[in-house]
Amino acid sequence: MIRDITIGQYYPAESPIHRLDARVKIVVTFLYIVSLFIVDTIMGYVVVTALLGLVIHASKVPVKFMVRGLKSIMIIILFTAVINLFMTQGEHILWTWKFLTITAEGLYMAVKMCVRLVLLIVGSSLMTLTTTPIQLTDGIEYLLRPLKKIGVPAHEIAMMMTIALRFIPTLLDETDKIMKAQQARGADFDTGNMIQKAKSLIPILVPLFISAFRRAEELAMAMEARCYHGDENRTRMNVMRMQGRDYQAAVMTAVYLCIVVGLRIAAGHLTFMI
Amino acid sequence: MSIKINHLTHIYNPGTAFEKKALDDVSLEIPKGQFVGLIGHTGSGKSTLIQHLNGIISPTSGEILLDGENIHKDKAKLKEVRRRIGLAFQYPEYQLFEMTVYKDVAFGPTNMGLSPEEIHESVLSALQTVGLSEEVYEKSPFELSGGQKRRVAIAGVLAMNPEVLILDEPTAGLDPRGRDEILQAIKELHEKRGITVVLVSHSMEDVAKLVDRIIVMHRGKAAMEGTPREIFAHVEELEKMGLAAPQVSYVFAELKKRGYDVPTDVYTVEEAKEALLKLIKQVKA
């Protein structure tokens, strides 16, 4: 049950997308998210969706995994849709009932926001699915480096993220074990009202916190025993190097951005495309 | 109360890339009052097997019968099953959470809905059984030593007055004294209260000394079963499974090889002492 949680899950495969430099992937994903807010026409969304489909195909990650990621945010998507559907003011009224009104504009907004959200989630989960957590944090560390001059502890942030990601599966395992042990002593997590349910979490949370602190202390000790002292003078085993394919990806992204912006400008003049 | 396991199979994460068959068509019977040792290499399915016995995990196929009744037949009765079959996990001290030792041990009986008097009685009796003195009852369990914590956790299971006690490596990571104390408590429980005990262990010495019957798990199957004498006679097979016979039996095998007239079915230190004294007398005479 508890293993269904798939935050930042990595899907191992051999694909051109997996081989891309993590820094490139982060920047491209960021630009892609920005592009989603530039796009404003149906034509534009068709282009974005088609391109995303191509990239997913190239990444060899099964579509099943993408859909699973969407399930967890289904409520947010539905909520956004409902709010947009009923709250958008407009002239073309389609349906009214007492104080509820649906306008053509509202319907259009609702669909547009849903499509945007789905594209956003699928696009960004594609990055985490094709990049190992280590590569990802290395990439973030590199990209944050310029901010060091104004006092942002880039290395420390990246190290904290690495450790946090590393411990997600460990703590999930631990939770599973503790739950089973308490169940063996007759603990019941499923029945009762809200207060009883909240109380039944204490026998899980207390041991979990204690073990998390113990692990943190042991890890700190192990790191110090190997002379870890932060960022200064540290070298890397895997140095990130931009390669041909990374430059290709950058050029393709630039072309993509031009198309998206072009479509937006064109839409301003050619209203029939909406 | 007898436990019967029929064609039990368990597959973890079925249908995914992480699919793993942990138990493969296991059929066993554990009669009332027996002291059973469960041995096997890491990943052989021991822990998965014992977690099935009190319904913490459900079988992929097959059934577990408790006095002839499938434990998963009536979900409402699962709690009763868990009371009757006490399960102490590996490193059970990591489940402690209460403010005092007494309250932590009372967690199980309270969940079982006993009356305050019954709870008080079973907590005290459980704490005495594991040999904890009264001065620790009101202490926080986190102040205690590793061996004491372990005993508090085992008392937490005992306080439910189970008819069957399953212990997953109760002595792992303890010093020799802590180990002896816990094994002694388990032995007394078995002898005095006559409860059925299933002991999962990596120590062939402990198993040889304590149990009536051994079940050997290998790659998800119950590969061998029998009395310690029967099982340890098959040293070669055990070694193939990554296990071994008790260390003293190797000493005797070597003695035999060097031409001394000694028995080779010696598995406990006690037996070894007897045999060696006899040998020394013979040599002198």
>> Taking the basic N atoms (NZ, or NE/NH1/NH2) and the acidic carboxylate oxygens, is any pair closer than 4.0 Å for A:Asp246 and A:Arg19?
In response: no

> For B:Tyr91 and B:Arg150, does a side-chain donor sit closer than 3.5 Å to a side-chain acceptor?
Replying inline: no

> Between B:Lys73 and B:Glu63, does at least one N-O distance fall below 4.0 Å, as a salt bridge requires?
Replying inline: no

>> Quick check on the structure: residues of residues 196-210 of chain A within a heavy-atom distance below 4.5 Å of chain B, by number.
In response: A:Ile202, A:Pro203, A:Val206, A:Pro207, A:Ile210

> What part of B:Glu98 gets closer than 4.5 Å to chain A, counting heavy atoms only: side chain, backbone, both or neither?
Replying inline: neither

>> Is B:Leu87 in contact with chain A via its backbone, its side chain, both, or neither, using a 4.5 Å heavy-atom distance?
In response: both

>> Which heavy atom of B:Ile195 sits nearest to which heavy atom of B:Pro162, and what is that distance?
In response: CG2-O, 3.8 Å

>> Quick test of your reading of the model: are B:Glu188 and B:Arg193 salt-bridged, counting only N-O distances below 4.0 Å?
In response: no

> For B:Phe89, is it the side chain, the backbone, both, or neither that has a heavy atom closer than 4.5 Å to a heavy atom of chain A?
Replying inline: side chain

> In terms of side-chain geometry, is the basic nitrogen of A:Glu174 or A:Arg215 positioned less than 4.0 Å from the acidic oxygen of its partner?
Replying inline: yes

> Which one of B:Asp104, B:Val81, B:Thr110 has the most heavy-atom pairs closer than 4.5 Å to chain A?
Replying inline: B:Asp104

> Within 45° of the ring axis of A:Tyr142 and under 6.0 Å from its six-membered ring centre, is that where the NZ or CZ of A:Arg23 lies?
Replying inline: yes

>> If only side-chain N and O atoms count, and only distance matters, is there a donor-acceptor pair under 3.5 Å linking A:His18 with A:Ser15?
In response: yes

> Can a donor-acceptor pair be found between the side chains of B:Lys46 and B:His202 at a distance below 3.5 Å?
Replying inline: yes

>> Applying a heavy-atom distance below 4.5 Å, give me the residues of residues 218-228 of chain A that approach chain B, sorted by number.
In response: none

>> Please classify the contact of B:Ile57 with chain A as side chain, backbone, both or neither, using a heavy-atom distance under 4.5 Å.
In response: side chain

> Do we see a donor-acceptor contact under 3.5 Å between the side chains of A:Tyr10 and A:Thr128?
Replying inline: no

> Thinking salt bridges, do A:Glu14 and A:Lys60 make one under a 4.0 Å N-O criterion?
Replying inline: no

> If you measure only the distance, is there a donor-acceptor pair under 3.5 Å linking the side chains of A:Lys25 and A:Thr131?
Replying inline: yes

